[in-house]
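Working notes for the structure below.
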Protein chains: 2
Amino acid sequence: MAGKKSYCYDYPHPAVATDVVVFTLVNEQLCILLIQRGEDPFKGSWALPGGFLREDETVEAAAARELEEETGVTECRPLQFGIYSKPDRDPRQRVISVAFLDCLRASDVSLRAGTDATAAKWQPLESLQRHELAFDHETIVSDALVAARKACRETPIAAKMLPEIFRISDFQSATEALLGTSIDKRNFRRQLDEKNWLEKTESEARGTHRPAQLYRLSRSVPET
Amino acid sequence: MAGKKSYCYDYPHPAVATDVVVFTLVNEQLCILLIQRGEDPFKGSWALPGGFLREDETVEAAAARELEEETGVTECRPLQFGIYSKPDRDPRQRVISVAFLDCLRASDVSLRAGTDATAAKWQPLESLQRHELAFDHETIVSDALVAARKACRETPIAAKMLPEIFRISDFQSATEALLGTSIDKRNFRRQLDEKNWLEKTESEARGTHRPAQLYRLSRSVPET
DNA sequence: TCAAAAGTGTTCTCTTTACACCCATGC
DNA sequence: GCATGGGTGTAAAGAGAACACTTTTGA
């Protein structure tokens, strides 16, 4: 592609990459997106989606681009939560990774094996085993979970895992899945209407029960 | 020094630098450390201390090293709070900056002009004018202040601006300077002894008033 | 009429804020 | 004895946690 051009500097420059921890719900279970590496090192292992920073983009833009490339989902605003810079974290060359997280709907994602990936999957966090991930991605995932839990108290990020319109109880389950705790229904609803995160829609959800008011994310909302 | 060796890669690699926002108190006023640039771009302007990441160190280590080089203060643990990666933020070349902050005692610092700096000074934050700083360092400083204010609610970081032993009222003034607010004395003391940040020393401060108990930072304390 | 989920208020506890006086010393 | 900062408690308001029953629908 790039021919044989090479880029030279007087001092060593690290490669800079972004890694993205993508959370979603599959059957009410909190999962993260993993891709299977098609190249050494760690060929065959599962790893976080990510890639190298390009010349003309910020790290935020790089993370959003990677996310779109791996999932087909556009208009993400991944949240930066860490930097990983141990000199030997990648055995090939020095790579500094800027880590991001985002939540999105599993149904919007068309899992696609990327350029250097052979497969992709949604991995339930609960059944993620130790030493299953490449590089230091285990550390990144566990830091991401802490950051996501913090974020979902301050922003409606958990709603990004839901359909465009949803019931309050859906939003509560999503939040509970992310936090790993259960929340009292009345307290959850009260705190919710002190914020301005949701707006009513005209529709209701029907089922073998009382119809439920449906909501969507407000337009004027603190993004991630 | 390094001769004419050069480092080549198949893809463009950005330079990675760390910038450190160092807070201290000079006459009860909150100040930050600035250095005057001896080279273009922005020759003669004031900027944050910082420098490039070396091959064998993490960004945290690089920030600590820079801090030591510019101030002579060892054993810092600067706190990472941001990344600045706009492609054109440095007109010479692409530089990504990982930003850190720390608090330290002005009396421990021997201000020294570094390799590419002609001078260094403590700049009172209050009298920092717009457009006075090089690059995007104004943004970095204002983000640092937000991060430092958050940190001083969670850790005794403000005490790092004080002598090794100090009165509670000193700690309160330092906290107030950092927060830019005044705090009720009794509330401050009550909240303080719910934490385990300080331990009593054997000594007292005397003056034309009732002697004051002196404290030091506890050994087992959440570092920055 | 039953099963299933929706929706709704009150009490208690804990945290945060506001506020004023006496104490020990040096001069 | 007076100026200076040190040290202390209580009440009110707000935030977070605990807790149970009625409503509406579909089958």
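In what follows, every heavy atom counts, from backbone to side chain, and hydrogens, waters and symmetry copies are set aside.
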Integer-rounded Å distance: dG7(C) P and Ile168(A) CD1: 7 Å
How long is the line joining NZ of Lys200(A) and P of dA6(C), in whole Å? 15 Å
For the pair made of CG in Asp193(B) and P in dG7(D), what is the distance, rounded to whole Å? 12 Å
Heavy-atom contacts under 4.0 Å between residues 205-213 of chain B and DNA chain D, which residues? Thr208(B), His209(B), Arg210(B), Pro211(B), Ala212(B), Gln213(B)
Between Lys185(A) and Tyr215(B), the residue closer to the 5' end of DNA chain D by nearest nucleotide is Tyr215(B)
Establish, from distance only, whether the side-chain atoms of Asn196(B) and Ser218(B) form a donor-acceptor pair under 3.5 Å. no
Over all heavy atoms of both residues, which pair between Thr18(B) and Val59(B) is shortest? Give the atoms and the distance, please. CG2-O, 3.6 Å
So, are Glu69(A) and Arg65(A) salt-bridged, with charged N and O less than 4.0 Å apart? yes
Over how many whole Å does the gap from Ile183(B) atom CD1 to dC19(C) atom P extend? 16 Å
Figure out the CZ/P separation between Arg189(A) and dA5(C), and round it to whole Å. 14 Å
Using atom CG of Asp170(B) as one end and atom C1' of dG6(D) as the other, report the distance to the nearest whole Å. 12 Å
Once you apply a heavy-atom cut-off of 4.0 Å, does Arg167(A) come out as touching a base, just sugar-phosphate, or nothing? sugar-phosphate
Just how far, in rounded Å, is C1' of dG5(D) from CD of Glu176(B)? 14 Å
Salt bridge (Lys or Arg N to Asp or Glu O under 4.0 Å) for Glu199(A) and Arg219(A)? Distances and angles first, verdict last. CA-CA 9 Å; Glu199(A) 58 187 38; Arg219(A) 311 175 205 305; 3.2 Å; yes
So, Tyr84(A) versus Asp143(A): side-chain donor-acceptor pair below 3.5 Å or not? yes
Report yes or no: does Thr201(A) contribute a side-chain atom to a donor-acceptor pair with the main-chain N or O of Ser203(A) at less than 3.5 Å? yes
Go through it in stages, so that I can follow the logic: the residues are Arg206(A) and Glu204(A), the test is salt bridge (Lys or Arg N to Asp or Glu O under 4.0 Å), and I'd like the CA-CA distance, side-chain angles, deciding distance and then a yes or no. CA-CA 6 Å; Arg206(A) 307 187 79 81; Glu204(A) 297 186 325; 3.5 Å; yes
Taking only distance into account, with no hydrogens and no angle test, what donor-acceptor pairs under 3.5 Å do side-chain atoms of residues 20-31 of chain A form with protein atoms, sequence neighbours excluded?
unit_1   : atom_1 : unit_2    : atom_2 : d
Thr24(A) : OG1    : Leu104(A) : O      : 2.4
Thr24(A) : OG1    : Ala106(A) : N      : 2.9
Gln29(A) : NE2    : Glu126(A) : OE1    : 3.1

Whole angstroms only, please: what is the NZ-C1' distance between Lys195(A) and dA15(D)? 11 Å
Phe166(B)-Tyr215(B) aromatic ring centre distance below 6.0 Å: no
For nucleotides 12-18 of chain C, give me one character per nucleotide, 5' to 3': B if any protein heavy atom sits under 4.0 Å from the base, S if the only such contacts are to the sugar-phosphate, - if neither. -----BB
